[in-house]
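Reminder, nothing fancy here: chain letters follow the sequence lines and each chain counts from 1. Quick caveat: nothing in here was measured; it's all calculated off a predicted structure.
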Amino acid sequence: MTDRKIDETTGTETTGHSWDGIEELNNPLPRWWLWTLYVTIVWGIGYTIAYPAWPMISGATSGLLGYSTRAEVAEDIAAHEALNEGLVADLNSADLSALAPSDDLHRYAVSRGASIFRAQCSQCHGSGAAGAVGYPNLLDDDWLWGGDLASIEYTIEHGVRNEADFDARYSQMPAFGEILPADEITSVVEYVVSLSSPDHDSGLAEMGSTVFADNCATCHGDTALGDREVGAPNLADAIWLFGGDRAAITKTVENARFGVMPAWGLRLSDEDVRAVTIYVHSLGGGE
Amino acid sequence: MSTPKLYAAREPIFPRRVSGTFRRLKWWIMFVTLGIYYLTPWIRWDRGPNLPDQAVLIDMSSRRFFFFWIEIWPHEFYFVAGLLIMAGLGLFLFTSALGRVWCGYTCPQTVWTDLFILVERWIEGDRNARIRLHRGKWDLRKWRLRLVKWVVWLLIAMATGGAWVFYFTDAPTLARDLFAFTAHPIAYATIVVLTMTTFVFGGFMREQVCIYMCPWPRIQAAMMDPDTLTVAYRDWRGEPRGKQKAEGLGDCIDCMACVNVCPTGIDIRNGQQMECITCALCIDACDGIMDKIGKPRGLIDYMALSDETAERAGKAPKPIWRHVLRPRTLIYTFMWAAIGFALVYALFIRSDIELTVSPVRNPMYVVQSDGAIRNIYDVRLRNKSGSDRRFHLSLISEEILRIQLEGKDGMIIVDVPADSTLLQRVYITARTQDPASSADTTDLRLWVEDLETGDRASRSTTFNGRVQ
């Protein structure tokens with residue numbers, strides 16, 4: 001090592017590299033640092049053998065340990081489901097109407113139901129369950145087919161007017177546009193408006209009341225309070241599924257409008273149906 | 001030409017025993033900091049039933065932090081953020097006033113290395129004996145001394161790793177489980193990792209952790225200024241150095257005492273260096289020598305760069321307090337104290353009843369069949385105490401509004417179990433004839449009252465009327 005170069009100013013050895021006359025001082029790294037680098041390289045190679053790493057044409061190498069994030073998620077989910085097994089069994093056997101809101105089972109059902117609702121029901125009923133035109137609001141106290149736990153459960157289980165479930169709730173309003181003359185429709189609409197609004201033509205409504213009694217009262221009732229047996233809406237309250245102004249009511253009378261709901265019993269497990277039942281019942285309108 | 005060596009083995013360092021003011025101070029700091037670290041988890045604190053009785057406990061699984069009479073829940077994480085800001089500002093303050101005082105006295109790496117060197121000295125002897133042993137053959141004696149030393153280090157390291165896990169669960173229970181081999185694998189894994197890091201960092205890596213691994217020595221350069229007090233050598237007094245008897249020499253007799261005691265193996269007489277952790281042991285070493293040769297102390301001393309010119313000219317340096325008390329340190333102190341007071345204030349005004357009211361805004365309101373307008377609110381009530389509490393809810397507003405609770409059949413009383421949060425859906429309704437049903441918004445205030453203690457808390461919120 002006779003040709004070692006020493007920098008005069010600092011007295012430090014140089015690496016012998018020189019750029020434009022500027023020489024690089026040699027301040028050696030500790031040797032363990034170098035060994036650490038080698039260890040990480042070896043570790044890195046081992047890691048790519050043990051774990052999924054190298055991209056291939058379809059997918060990646062699977063790794064000797066057979067690890068996969070998917071499998072880990074599946075395990076986590078299975079572990080949580082195992083933890084909830086007792087609650088699920090209780091939920092399936094419990095008398096829903098006997099559950100107090102402070103019960104653990106009730107709270108579990110509400111949170112389970114809420115997540116199912118967001119995934120399955122919110123597309124029509126809205127994420128806040130406030131519904132939309134043609135899709136019932138589940139927060140209010142007005143129910144087409146009944147708002148107690150048993151009725152809600154039946155509606156969710158079998159759905160409404162679907163063809164998949166023989167037991168689905170079913171009813172059909174005739175399209176009165178093809179049955180009644182236009183002036184009778186105008187008068188019956190005025191009668192329906194008069195039931196909930198003081199702002200109406202009482203003479204016309206008086207005429208409409210006879211038309212109503214002849215054609216509508218069978219389902220909607222003599223006093224127009226509706227009939228849950230056939231899902232006939234209450235026409236005397238402040239809630240309208242398809243709109244409560246004259247134009248919207250006329251359209252409904254002429255064409256008949258009603259919604260369809262899938263039979264969730266065919267798609268969801270029993271406990272999920274029961275959880276959604278509890279959740280919907282707890283939103284404010286439960287009876 | 002031959003390639004220069006780009007990698008070097010560690011130069012072993014054998015710090016000599018020293019005594020003096022700073023060494024004494026460091027012993028005390030080591031005693032206190034290690035004492036706090038090892039013993040804190042064992043302090044008991046009675047919180048009544050249902051709550052842990054460990055004074056300091058970080059309960060990860062139920063997301064609680066207990067510190068004596070203080071209990072922090074996750075939503076109060078700003079206290080931790082505030083403490084971290086205070087720690088940051090504290091580090092700025094101490095670095096601008098006293099340089100790397102954290103490194104030299106309280107950094108765990110320094111404290112444990114100091115402890116490990118103490119053990120080394122007890123077992124293998126002082127500097128010269130250790131150098132002889134290092135150079136000597138691996139005979140029976142060397143094996144015996146080394147093994148004894150490593151075993152003692154390992155025991156200390158295990159105690160260190162062991163103490164850490166006690167902060168996270170009930171210490172006596174965990175200690176029993178650990179010895180019965182029934183504790184959670186994570187506890188054992190944590191102990192093993194911390195034992196190994198303590199053993200390797202304190203026993204073998206030592207100053208290399210500071211020089212090659214720690215970012216702080218680099219950051220400190222940006223934080224020190226000419227008024228910062230740091231350990232330095234008065235070269236104008238000491239140079240030219242040489243044996244005492246010679247003529248025309250400075251006070252430095254080149255005895256190497258300062259180099260021999262240095263735990264990072266540097267020569268402070270070369271000026272400020274990145275390796276220097278300002279542990280001040282060289283001050284103690286030099287002062288001892290100066291006393292022996294009858295020269296004034298302070299050849300190596302805490303001093304500020306700004307005094308150099310004055311001192312070279314033979315004038316007295318500025319008094320220490322004028323270096324420490326300057327606008328920069330005062331501003332840091334003020335900021336640090338302001339955040340500290342704010343945190344303490346926030347701690348004391350924490351309501352005994354924790355209540356949050358979040359209006360459900362999807363939808364803004366619900367029309368009932370009789371035309372009434374209903375708003376929905378999610379009310380969260382936290383019960384931090386160890387016993388169940390019963391609260392009464394009510395509302396105050398200038399308009400007529402009615403309150404109802406979900407699932408309560410007209411009752412406006414809720415029970416919150418011990419150490420838990422209750423989410424209660426609250427309905428507030430305005431009838432068609434009430435002005436609030438058609439007003440854009442109506443202010444209201446929700447009150448809760450603990451039926452047993454009479455404590456009250458409230459939150460204001462708004463009621464939305466029907467969109468016209």
Below 4.5 Å, heavy atoms only, C-beta onward: do B:Gln208 and A:Pro30 meet side chain to side chain?
yes
Heavy-atom cut-off 4.5 Å, strictly under: side chain, backbone, both or neither for B:Tyr427 against chain A?
side chain
Find the one option among B:Glu406, B:Gln404, B:Arg361, B:Lys408 whose heavy-atom pairs under 4.5 Å with chain A are most numerous.
B:Glu406
Sort A:Ser102 into side chain, backbone, both or neither according to what part of it lies under 4.5 angstrom from a heavy atom of chain B.
neither
Quick one: does any side-chain atom of B:Tyr7 pair with a main-chain N or O of A:Leu34 as donor and acceptor, under 3.5 Å?
no
When rounded to the nearest 0.5 angstrom, what distance separates CH2 in A:Trp33 from CZ in B:Arg10?
15.5 Å
Looking only at heavy atoms and a cut-off of under 4.5 Å, which of B:Pro363, B:Gly371, B:Ala372, B:Pro417 has the most pairs with chain A?
B:Pro363
Given that the side chain runs from C-beta out, which part of B:Arg374 has a heavy atom under 4.5 Å from chain A: side chain, backbone, both or neither?
side chain
Part of B:Leu422 within contact of chain A (heavy atom distance under 4.5 Å)
side chain
Hey, could you give me the OG/CG distance between B:Ser369 and A:Asp141, rounded to the nearest 0.5 Å?
3.5 Å
Please say whether more than 12 non-hydrogen atoms of neighbouring residues, nucleotides or ligands are located less than 6.0 Å from CG in B:Asp440.
no
Specify which of A:Leu29, A:Asp237, A:Asp140, A:Asn27 makes the most heavy-atom pairs with chain B at under 4.5 Å.
A:Leu29
